[in-house]
Amino acid sequence: MSTSQQPDPRDRPARLSVGVVGAGRVGPALAASLQLAGHRPVAVSGVSDASRRRAERMLPDVPMVPPAEVLARAELVLLTVPDDVLPGLVEGLAETGAVKPGQLLVHTSGRYGARVLDPALRAGALPLALHPAMTFTGTPVDVQRLAGCSFGVTAPEELRLAAEALVIEMGGEPEWIAEERRPLYHAALALGANHLVTLVAQSMELLREAGVAAPDRMLGPLLGAALDNALRSGDAALTGPVARGDAGTVAAHVSELRRHAPQTVAGYLAMARATADRALAHGLLKPELAEDLLGVLANGTDGTDGTDGTDGSNGTNGAEGDAR
């Protein structure tokens with residue numbers, strides 16, 4: 001069916017009035033997505049100039065008001081504030097009487113489940129934790145990216161269907177996360193996504209230092225293939241000098257990083273050790289090759305003779321390195 005045959009969402013009757021407390025990158029995108037599903041954004045709060053501009057761009061004509069006024073106007077409230085701010089915000093809203101009985105109160109923190117909303121629950125609110133497993137830009141492209149995006153969902157059992165329905169309306173895929181597993185769930189996502197950005201940025205910087213004119217173009221196909229392989233095959237996708245047990249190559253890497261980018265050495269060693277452990281556990285790294293490799297990684301040295309370590313030695317006689 002072509003898009004011209006689709007009904008305009010504005011022609012459908014709104015089902016819930018939606019408010020946003022915290023106009024960061026996430027809240028306006030979720031509200032805009034709910035609007036496409038027929039709900040009606042009615043109020044948004046934001047502190048910084050950037051938040052206000054973002055709200056105006058993503059939710060035009062929706063008034064900016066204080067948080068308490070957002071709750072007064074909305075049946076469904078999105079609390080899209082930083083993790084460390086969330087508990088105090090919920091307590092403050094409950095203590096001041098801003099929370100209304102029967103009001104759907106949704107937070108998007110990955111760290112917390114529904115229990116952080118207990119003060120609002122005691123005031124009669126319906127608590128939902130809906131965390132989109134997605135990185136946000138604060139631009140309209142975020143709404144498109146929600147299509148097929150997984151959401152970590154935590155809520156009281158009696159609200160589970162309502163929580164999952166909201167996720168589906170935003171184009172997402174609900175994934176139930178138990179309350180006590182939320183911190184582990186969030187740590188897993190941070191490990192995979194946030195640290196990936198750091199690794200890619202460091203890699204691009206090093207490629208520029210090596211003389212590569214377009215590191216993004218060089219890395220794009222490589223990282224795309226590596227990600228696809230990892231998602232399909234897990235540890236079986238491991239390749240490179242660590243998985244092969246090329247101690248001399250790894251020692252040369254450490255030497256070059258110390259010379260050109262010493263701030264990256266600790267991260268390189270930590271990831272190489274983790275890779276070696278996984279490669280050994282899955283039979284990819286041969287035990288007879290692991291000893292020299294692990295010696296290089298344990299000492300963080302560049303070889304036995306102070307050179308680039310290409311003789312494959314374990315570096316135990318070299319200068320003591322940073323093994324943090």
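Each residue takes its place number in the sequence, starting with 1.
With Asp277 contributing its side chain and Ala274 its backbone, the two residues share no donor-acceptor pair below 3.5 Å. Proximity of a side-chain donor or acceptor of Arg25 to a complementary backbone N or O of Asp142 within less than 3.5 Å is not detected. In this structure, the side chain of Thr80 engages the main chain of Gly22 through a donor-acceptor pair within 3.5 Å. Checking side-chain atoms of Glu179 against main-chain N and O of Thr154 turns up no donor-acceptor pair under 3.5 Å. With hydrogens and angles ignored, the 3.5 Å screen pairs no side-chain donor or acceptor of Ser51 with any backbone N or O of Val47. Between the side chain of Gln202 and the backbone N or O of Thr264 there is no donor-acceptor pair closer than 3.5 Å. Side chain of Arg111 to main chain of Asp83: no donor-acceptor pair is present (N/O by atom type, distance under 3.5 Å, no hydrogens or angles). A donor-acceptor pair is defined here as one N or O able to donate and one able to accept, closer than 3.5 Å; no such pair exists between the side chain of Arg232 and the backbone of Ala237. Side-chain N or O atoms of Arg54 include one that pairs as donor or acceptor with a backbone N or O of Ala23 at under 3.5 Å. Between the side chain of His131 and the backbone N or O of Gly113, no donor-acceptor pair lies under 3.5 Å.
To the nearest 0.5 Å, the span separating CG on Leu196 from OG1 on Thr135 amounts to 10.0 Å. Rounding to the nearest 0.5 Å gives a distance of 5.0 Å between CZ of Phe136 and CG of Leu146. Taking CG of Asp246 as the reference point, atom NE2 of His253 lies at 9.0 Å (rounded to 0.5 Å). In this structure, NE2 in His282 is found 8.5 Å from CG in Leu238, a value given to the nearest 0.5 Å. Expressed to the nearest 0.5 Å, how far CD of Glu209 lies from CG of Leu207 amounts to 10.5 Å. Taken to the nearest 0.5 Å, the CG atom of Leu105 stands 11.0 Å off from the NZ atom of Lys100.
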### Task
Please lay out, stage by stage, how Leu130 and Leu30 fare under the test side chain to side chain contact (heavy atoms under 4.5 Å, CB included).
CA-CA 10 Å; Leu130 308 180; Leu30 297 188; over 6 Å; no
*Any chance you could lay out the side chain to side chain contact (heavy atoms under 4.5 Å, CB included) test for Leu79 and Leu117, step after step, and finish with the verdict?*
CA-CA 10 Å; Leu79 302 179; Leu117 298 173; 4.0 Å; yes
Would you please test Leu34 and Leu78 for side chain to side chain contact (heavy atoms under 4.5 Å, CB included) and show each step?
CA-CA 11 Å; Leu34 288 168; Leu78 303 174; 4.3 Å; yes
### Task
Run the numbers on His107 and Tyr112 for side-chain hydrogen bond (donor to acceptor under 3.5 Å, both in side chains), then give the verdict.
CA-CA 9 Å; His107 80 72; Tyr112 293 108; over 6 Å; no
task: Report the C-alpha distance between Glu164 and Phe151 in whole Å, list the side-chain angles of each, state the deciding distance to 0.1 Å, and finish with yes or no for side chain to side chain contact (heavy atoms under 4.5 Å, CB included).
output: CA-CA 9 Å; Glu164 293 176 345; Phe151 279 66; over 6 Å; no
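Contact annotation: the side chain of His195 never approaches that of Met271 to less than 4.5 Å [non-hydrogen atoms, C-beta and beyond]. A 4.5 Å side-chain heavy-atom check between Pro215 and Ser203 finds every atom pair outside the cut-off. By the 4.5 Å heavy-atom criterion applied to side chains, Val116 and Ser109 are not counted as neighbours. Counting heavy atoms from C-beta outward, Leu227 and Leu231 have side chains that approach closer than 4.5 Å. Considering only heavy atoms from C-beta on, Leu121 comes within 4.5 Å of Asp118 through its side chain.
The cluster map of Ile, Leu, Val, Met, Phe, Trp and Tyr, joined by side-chain heavy atoms under 4.5 Å apart, puts Leu269 and Leu206 in the same cluster. Clustering ILVMFWY residues whenever any of their side-chain heavy atoms sit less than 4.5 angstrom apart, transitively, puts Val77 in a cluster other than the one holding Leu166. Put simply, Leu294 and Val254 are part of the same group of oily side chains (I, L, V, M, F, W, Y) that touch within less than 4.5 Å, one to the next. Residues Leu71 and Val42 fall into different hydrophobic clusters, defined by Ile, Leu, Val, Met, Phe, Trp and Tyr side chains chained together at heavy-atom separations under 4.5 Å. Cluster annotation: Met170 and Val20 are assigned to the same hydrophobic cluster (Ile/Leu/Val/Met/Phe/Trp/Tyr, side-chain heavy-atom contacts under 4.5 Å, transitive).
The minimum heavy-atom distance between Ala247 and Val296, with the atom names listed, is O-CG2, 4.1 Å. Between Ala120 and Val99, the closest heavy-atom pair is O-CG1, 3.9 Å. A pairwise comparison of heavy atoms in Pro140 and Met58 identifies N-SD, 3.5 Å as the closest pair. Of all heavy-atom pairs between Val44 and Ala55, the closest is CG1-CB, 4.1 Å. Heavy atoms only, all atoms of each residue included: Pro241 and Val250 are closest at CB-CG2, 4.1 Å. Ala114 approaches Ala155 most closely through the heavy-atom pair CB-CA, 4.1 Å.
Environment of CG in Leu161: sparse, with no more than 12 heavy atoms of neighbouring residues, nucleotides or ligands closer than 6.0 Å. Heavy atoms from other residues, nucleotides or ligands lying under 6.0 Å from CZ of Arg57 number more than 12. With a 6.0 Å radius and a threshold of 12 heavy atoms from other residues, nucleotides or ligands, Arg73 has its CZ atom above the threshold. A 6.0 Å sphere centred on CD of Glu175 holds no more than 12 heavy atoms belonging to other residues, nucleotides or ligands.
At a cut-off of 3.5 Å, with distance as the only test, a side-chain donor of Ser17 or Glu75 sits close to an acceptor on the other residue.
Remark: Glu256 engages Arg259 in a salt bridge, criterion side-chain N to carboxylate O under 4.0 Å.
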